[in-house]
Structure formats: structure tokens, C-alpha cells
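Each remark here refers to the structure printed beneath this line.
Values reported hereafter were calculated over all heavy atoms of this structure, with side chains retained and with hydrogens, waters and symmetry mates removed. In the text below, chain A, chain B and the rest are named by the order of the sequence lines, each starting its count at 1.
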Amino acid sequence: MCGRFRYRGMTIESDELKHVPGLEIRKAFPPRFNIAPTQLSPIVRATKDGGHEVEALRWGLLPFWAKDQSFGAKTINARAETVPEKPAFRNAFRFRRCLVLSHGFFEWETTPTGKQPWLFTLPGESLMVFAGLWESWTPKDAPPETPPTETFSILTTTATTRGAWIHDRFPVVLAPEDWVHWMDDSISPQELERLVQKVQTGHAATEMNQWPVTRKMSNARYEAPDAVEPLSTQGKEGTDLLL
DNA sequence: CCAGACGTTGTT
DNA sequence: GTCTGG
DNA sequence: CCAGACGTTGTT
DNA sequence: GTCTGG
């Protein structure tokens with residue numbers, strides 16, 4: 001699945017998303033080494049005027065009817081296989097798909113001495129884009145003028161053969177040519193169905209590297225650069241994972 | 001009709 | 001809000 | 001995802 | 001064991 005990831009940050013001048021039309025980057029986003037559920041993280045979504053924007057949203061999707069924000073603990077991921085039907089996700093799936101920006105995600109290996117975290121990245125630790133959904137939520141008895149809380153969820157699908165040693169579910173990683181299509185609000189339900197089929201077979205980004213990292217990062221409060229560094233001499237070489 | 005869930009993962 | 005179970 | 005709490009009362 | 005917070 002995807003319960004923790006990292007983000008290298010973005011400046012106003014960043015060209016990582018240059019292929020997303022009409023994208024205005026209004027502010028910079030700092031590097032994050034250990035993004036956990038409930039925290040803010042940048043996503044890309046379509047705007048009303050046909051463009052796109054980057055905003056930091058809270059991880060853990062809150063449907064508008066959620067009674068309180070603890071509901072988001074159960075919705076950090078959405079299964080690609082069932083997301084069109086699930087009450088908590090179907091509206092967001094139909095109308096509010098987004099790109100979740102990362103540069104790799106963590107998975108935990110169960111060992112005799114406890115849980116060992118690993119980082120999965122794309123070659124060159126380049127931008128890894130997850131298929132996401134977003135929602136807008138306002139607490140039931142909030143005073144007027146209370147700004148809504150905007151939240152997101154990350155789609156998951158079956159892990160591929162060579163990723164399955166650590167886990168049977170992986171986040172849906174979108175290929176750059178699908179980024180804009182995924183956010184397109186005007187596509188038909190038929191087209192959307194076709195897209196989600198493709199997304200399920202996913203990992204359009206076909207090659208990942210993996211390496212073990214410090215167990216200190218298992219604590220969600222740990223936010224230091226070495227959270228993403230290879231343990232000891234393992235290095236980032238020889239860790240290729242063809243998916 | 002009302003009440004209660006609405007979710008994913010992993011483990012046994 | 002909407003669906004399911006009782 | 002993992003880590004940490006899981007409770008009440010009264011006092012500062 | 002299970003829930004909440006990060």
C-alpha cells in the first residue's frame with residue numbers, strides 16, 4: 001500500500017510539471033522526508049478555468065458527510081478495483097481526481113528484529129506521481145465562514161511480481177502521458193472506466209529502485225534528510241527493481 | 001421504518 | 001448523502 | 001504506514 | 001485489542 005512517502009520539494013521555477021498545461025505554481029513547497037497521514041502534502045488538480053494548480057491538502061480523504069476528521073484514518077488509500085462504487089470515494093472518483101506528488105514511497109519489511117522500512121523510487125529519484133482523489137469537508141456545526149478542510153487519498157493496486165516480496169499492494173503510479181488525462185473532468189464514464197482499467201494494471205512507470213532506510217523514520221514525527229538515505233553500504237546501486 | 005456504516009491493510 | 005441490515 | 005494511548009478528578 | 005494522531 002502507500003502509508004508514507006517523501007517529496008523533494010518544488011520551487012516556483014520548477015519544470016518537473018512543465019507538461020501539465022496551464023499550471024500555475026504560485027508558491028514553493030519545501031522538501032519533505034517523511035510524509036504521514038493527516039499531514040499536508042502538495043497535489044495537482046484541475047481548476048474551473050481549465051487550468052491546473054498545486055495545493056497542499058490533508059492526507060486522508062473526508063467525504064462531505066464524515067462526522068469528524070478521524071474518518072480520514074481509514075481513507076488514506078482507495079482500491080483501484082472498487083473505487084468507482086465505494087460511497088466514500090465514488091463522488092471524488094467521478095469529479096475530483098488529482099495527482100499526488102512524491103519522489104518515492106516507503107514500505108515495511110517484517111523481520112525477526114522488527115519492521116524494516118524500505119524506500120521505493122523511480123530512476124534518478126525523479127518525480128513519482130500517484131493517482132489521487134480529493135474532497136472538501138466542513139465540520140457539521142462549524143461556525144459560518146469556516147474554511148473547508150481539503151483532503152486526498154491515494155489509489156492502490158496489486159504490487160507487481162518484483163515488488164510483491166515486501167507487500168501485495170502498491171500505489172498507482174501514473175505515467176507522464178496519463179497525468180492530464182487522469183485529472184480531466186470532461187471524460188465520459190466509459191472513458192473513465194477504460195482509464196481505471198489501465199491504471200489498475202498500472203505502474204506505467206516501469207522501473208523502480210529500492211533500498212532500506214533508518215528505522216528511525218518509522219516514527220511519523222521523524223523528519224530528517226537521512227530518512228531517505230540508504231542504510232550503511234547498501235547504496236542506491238544494484239537495487240534496481242523492474243516492474 | 002430506523003440505525004449504523006461508509007475503508008484499507010495485515011495477521012491469525 | 002445513501003445504502004444495508006434488522 | 002507506525003507509535004502511543006487506552007482514565008478521572010482536582011490542583012496549579 | 002483497537003483507536004487516534006502524526
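Between A:Arg6 atom CZ and D:dC1 atom C1' the separation is 17 Å, expressed in whole Å.
At the heavy-atom level, A:Lys67 lies under 4.0 Å from base atoms of the strands shown. As judged by a 4.0 angstrom heavy-atom cut-off over every strand, A:Thr156 is placed among residues touching the sugar-phosphate backbone only. Nucleic acid contact for A:Asn91: none, since no nucleic acid atom lies under 4.0 Å from a heavy atom of the residue. Counting non-hydrogen atoms under 4.0 angstrom, A:Thr38 reaches a base of the nucleic acid. At a threshold of 4.0 angstrom between heavy atoms, the contacts of A:Phe89 are confined to the sugar-phosphate backbone, with no base atom among them.
Stacking annotation: A:Trp65 is stacked on the base of B:dC6 (ring centroids less than 5.5 angstrom apart, interplanar angle below 30 degrees).
Base pairing of D:dT8: no nucleotide in any strand meets the Watson-Crick or G-U wobble criterion (both distances under 3.5 Å). Figure legend. E:dG5 is base-paired to D:dC2; pairs are counted as Watson-Crick or G-U wobble with both atom distances under 3.5 Å.
A:Trp118 and A:Glu109 share a donor-acceptor pair across their side chains, judged by distance under 3.5 Å alone. With no hydrogens or angles considered, no side-chain donor-acceptor pair links A:Arg96 and A:Asn91 at under 3.5 Å.
Applying ring-ring contact (aromatic ring centres under 6.0 Å, His included) to A:Phe71 and the options A:Trp137, A:Phe64, A:Trp65 leaves one that passes, A:Trp65.
Residues of residues 72-81 of chain A that place a heavy atom closer than 4.0 Å to DNA chain C do not occur.
At most 12 heavy atoms of other shown residues, nucleotides or ligands fall within 6.0 angstrom of atom CD in A:Glu193.
One finds no side-chain N or O of A:Thr82 lying less than 4.0 angstrom from the OP1 or OP2 phosphate oxygen of B:dG7.
Atom CZ of A:Phe105 is separated from atom CD1 of A:Ile154 by 10.0 Å, given to the nearest 0.5 angstrom.
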